[in-house]
Trainee: 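Submitted below is the structure of interest, expressed as structure tokens.
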Number of protein chains: 2
Amino acid sequence: MAGIKDVAKRAGVSISTVSYVLSGKRSVSKETKQRVLKAARELQYSPNAGARMLRGDRTHILALSAPMYETTDYNNYSVFFLKTVQRARKYHYDVLLLAGDDEEQDLARIVESGLVDGVLMLDVNIDDSRIDIARNSSVPFVAIGDPGDTSALNAVDTDFTRMGREAVGRLADAGHTKILFVGAHREDYERGSNFLIRLRDGALFEAHRRKVEVVVTYQPKGDMAGIQREMKSILAQHPDITAVISQSNIIQLGNLTTAITRLGYRIPQDMSVLSAGMGGEAATLSTPVDEMPLLPEVVCQRAVDIMMDVLDGKQRRCGTLELTAARYFERGSIAAPRSEHRAGSVPISDSARSADSVSDAPSVSDAHSVSDANPVPDAGVPDVRIREAA
Amino acid sequence: MAGIKDVAKRAGVSISTVSYVLSGKRSVSKETKQRVLKAARELQYSPNAGARMLRGDRTHILALSAPMYETTDYNNYSVFFLKTVQRARKYHYDVLLLAGDDEEQDLARIVESGLVDGVLMLDVNIDDSRIDIARNSSVPFVAIGDPGDTSALNAVDTDFTRMGREAVGRLADAGHTKILFVGAHREDYERGSNFLIRLRDGALFEAHRRKVEVVVTYQPKGDMAGIQREMKSILAQHPDITAVISQSNIIQLGNLTTAITRLGYRIPQDMSVLSAGMGGEAATLSTPVDEMPLLPEVVCQRAVDIMMDVLDGKQRRCGTLELTAARYFERGSIAAPRSEHRAGSVPISDSARSADSVSDAPSVSDAHSVSDANPVPDAGVPDVRIREAA
DNA sequence: GGTGCGAGTCGAAAAGATTCGATGACAGAC
DNA sequence: GTCTGTCATCGAATCTTTTCGACTCGCACC
């Protein structure tokens, strides 16, 4: 409750001198400085946030806009919150979490009120309505995710298109020619969830380029029974599928590997499995899975760094898009396809595999991006049809 | 960027009149009121947050203190964030997320700065250092979790002691006499993580009362291999264990059921499994598991409601602890023990179980608390030794 | 006609920090 | 001795809103 006035009185100096000591914006003699700092310490002085906001040009608060949808996977979300907060604190910034039911209105209100110095946007959709708010706003926006249109903000993201391409590329390299792509919830693609779509379409693009076939399906309702039914039906219809790329959450991935095993396929001998664009926990599943995870730490740090540069005038307010290369973690769930593979072969009992076939800590391959492949055209994925499993 | 001055000018009235129209704290003539509202609308007036804070007695911001530890399970955490934010918005409050690396200092700073009207605390430990901050603070605190000492704040929590008791009670009712309790990370108990300890000790208390034996172990390192080794060793040492209560996260729970299955036990015929105090996703595992989940929505809502009552002077600032009854979700993973059960029996292949043995949507039993059992004494669990597996 | 009252409105103070411009002290140059 | 420049410090304006006290009506009452 002690104000700058109290500190000034105790140190026997004027208010402005205290302010200059604390901000360092003008030179102050050594003795005065120490007296002031001592007084501030003794009184536990903490500047009043309201007054600072009102007078100063910084509020030292960032807004984190995190819209919630029915199908949003909470598990992957929170890590982004935490990494953002931790990075912002390094710059002495606090984070206001916007995750209410009326995201758009909340955001407009906050931006107008001058409560925050900038806005970080999570889970960006194609044609996201928040971009209009950014356009009319006096504070800078940084999107974590590629909004397509960066004319009103800066953006940072993982290169999901490349991630999708590399996922297919790795499997193609291993000799697979027909791959099943198991997406997340269909609704999330329909509402334009950007990273899901780019990953999927990157995979389809690479498949087109490599002349391999990719069959697309989405996360079935009804959990284990649903997945098992779905997989059974698809693998019966496409017996030449020898690999699966999963873009669904960790539990569903676990169920997927269980379903595959129950249907009589061994991983990786009969079926290669690769998880892409999810949480990074596939190492801890009972059947560890090769993975290209989300990189919350990397993108959140960059987003905050960029925001600070913009606020300091070191970078333009909009127009840049920074893509981070994906990383690949090997866990032994990918192998060359068996030419003699036959769907519906004798089921292999799970317990027949000895426990030591379970790998220990995941081996981490270096950051890796598709080497000298043709760049994906700006306009997005061309002439690629999304083929869905029936 | 339009201020109250602009609105006043446009409406042809004084600043104070505008303020009174907007706050409704003094009567204003109908015509004037309408002119002011029109002007405010046209200028998209949004009051400056800093000025409001400085002059007014409410900032309309709550802090959410969410400390992070090495072993914190992010997955369960974020739901608490979101439910808190959503509830706070109902009262026109925003939420500042404190999740930096120096939780204590951040909290003290925020409280001192007058930036927030109140603080909500997550993941409370026994002897939590944040309680001292609450004691010296001028703003009210509400803990989500039982801090033991409620002399400086109010608290709301799930009744984890009863949850632990009911978990053991249900199994005892079903006829089990020796139960394995698989906890979370040992470090979390050692640092005094409140809900984990209370759940565990509630289980031990009920075991004592019912004269059943509970063997305690903690989440082993090394994921699948570790769990499988651990389970093998424990079940070899204690072949008469017929039920498991798990307090570890969803992936570990999945691995636990897999390990149990691989060791040749069928669930629930040979081994009953029950998950307590975790995320509520055990229904979606390949082997659905009976569950007494965390109830983030319930406790977060109550915490915010209580905070608002305190701010409105409708409730005292400290001293109350509200416990919510746990809920039990049946998923068919509990059965009576087989008297003829033998450890090390012939392994049952996973795939030998038909897919239709996988249950559909979980059946939800009504909110339920242990009926007329002796209440747990205030001092905590008496003369119960925590017996750990070797 | 004077007084009292309530409704409607306004002016000005207040909140606490930041920052510009001014002042005083003092050293060094001429 | 006077001038110039630098350093350290101070006073006062400023940011925007809320709110208290005061003012002006018009009307009723004695």
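Below, chain A is the first sequence line, B the second, and so on; all start at residue 1. Just so it is clear, the values below take in all heavy atoms, side chains as well, and ignore hydrogens, waters and symmetry mates.
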Trainee: Indicate whether OP1 or OP2 belonging to D:dT18 is found under 4.0 Å from a side-chain N or O atom of B:K25.
Mentor: no
Trainee: Report yes if a donor N or O on one partner sits less than 3.5 Å from an acceptor N or O on the other, where the partners are the side chain of A:Y20 and the base of D:dC7; otherwise report no.
Mentor: no
Trainee: Any N or O donor-acceptor pair linking the side chain of B:R52 to the base of C:dG16 at under 3.5 Å?
Mentor: no
Trainee: Can you establish whether the number of heavy atoms outside B:D127 located under 6.0 Å from its atom CG is more than 12?
Mentor: no
Trainee: Which nucleotide wins on minimum distance to the side chain of A:T32, given the candidates D:dC15, D:dT9, D:dT17?
Mentor: D:dT9
Trainee: Provide, to the nearest angstrom, the distance between the CD1 atom belonging to B:I15 and the C1' atom belonging to D:dT18.
Mentor: 11 Å
Trainee: Side chain of B:R26, base of D:dG21: donor and acceptor closer than 3.5 Å?
Mentor: yes
Trainee: Contact class for B:S29 vs. all strands (heavy atom < 4.0 Å): base, sugar-phosphate, or nothing?
Mentor: sugar-phosphate
Trainee: Does the distance from a Lys or Arg side-chain N to an Asp or Glu carboxylate O, for A:D312 and A:R58, drop under 4.0 Å?
Mentor: yes
Trainee: Under 4.0 Å, heavy atoms only, any strand: does A:V13 hit a base, just the sugar-phosphate, or nothing?
Mentor: sugar-phosphate
Trainee: Looking for any heavy atom pair under 4.0 Å, which part of the strands does A:S23 touch: base, sugar-phosphate only, or nothing?
Mentor: nothing
Trainee: Whether B:R52 and B:D57 form a salt bridge (side-chain N of Lys/Arg under 4.0 Å from carboxylate O of Asp/Glu) is what I want to check.
Mentor: no
Trainee: Let me know the distance between CG of A:L54 and P of C:dA14, rounded to the nearest Å.
Mentor: 17 Å
Trainee: Please report the distance, rounded to the nearest Å, between CD1 in B:I4 and P in C:dC10.
Mentor: 12 Å
Trainee: Could you check how far CE of B:M53 sits from P of D:dC15, rounded to whole Å?
Mentor: 19 Å
Trainee: Can you check the B:D6 CG to D:dC15 C1' distance for me, whole Å?
Mentor: 13 Å
Trainee: Tell me whether the OP1 or OP2 atom of D:dC10 has a side-chain N or O from A:S14 closer than 4.0 Å.
Mentor: yes
Trainee: B:R55 has an atom CZ; how far is it from atom P of D:dC20, in whole Å?
Mentor: 8 Å
Trainee: For A:E42, I'd like to know if atom CD has over 12 heavy atoms of other residues, nucleotides or ligands within 6.0 Å.
Mentor: yes
Trainee: With respect to the side chain of A:S27, which nucleotide from C:dA17, D:dC7, D:dG11 is positioned closest?
Mentor: D:dC7
Trainee: Toward the 5' end of DNA chain C, which comes first, A:D57 or A:G50, by nearest nucleotide?
Mentor: A:G50
Trainee: Which nucleotide sits closest to the side chain of B:S16: C:dA17, C:dG16, C:dA12?
Mentor: C:dA12
Trainee: Nearest-Å distance, NZ (B:K5) to P (C:dG11)?
Mentor: 14 Å
Trainee: Between B:D101 and A:K90 (salt bridge meaning N to carboxylate O under 4.0 Å), is one present in this structure?
Mentor: yes
Trainee: Expressed as a whole number of angstroms, how long is the span from B:N48:CG to C:dA17:P?
Mentor: 16 Å
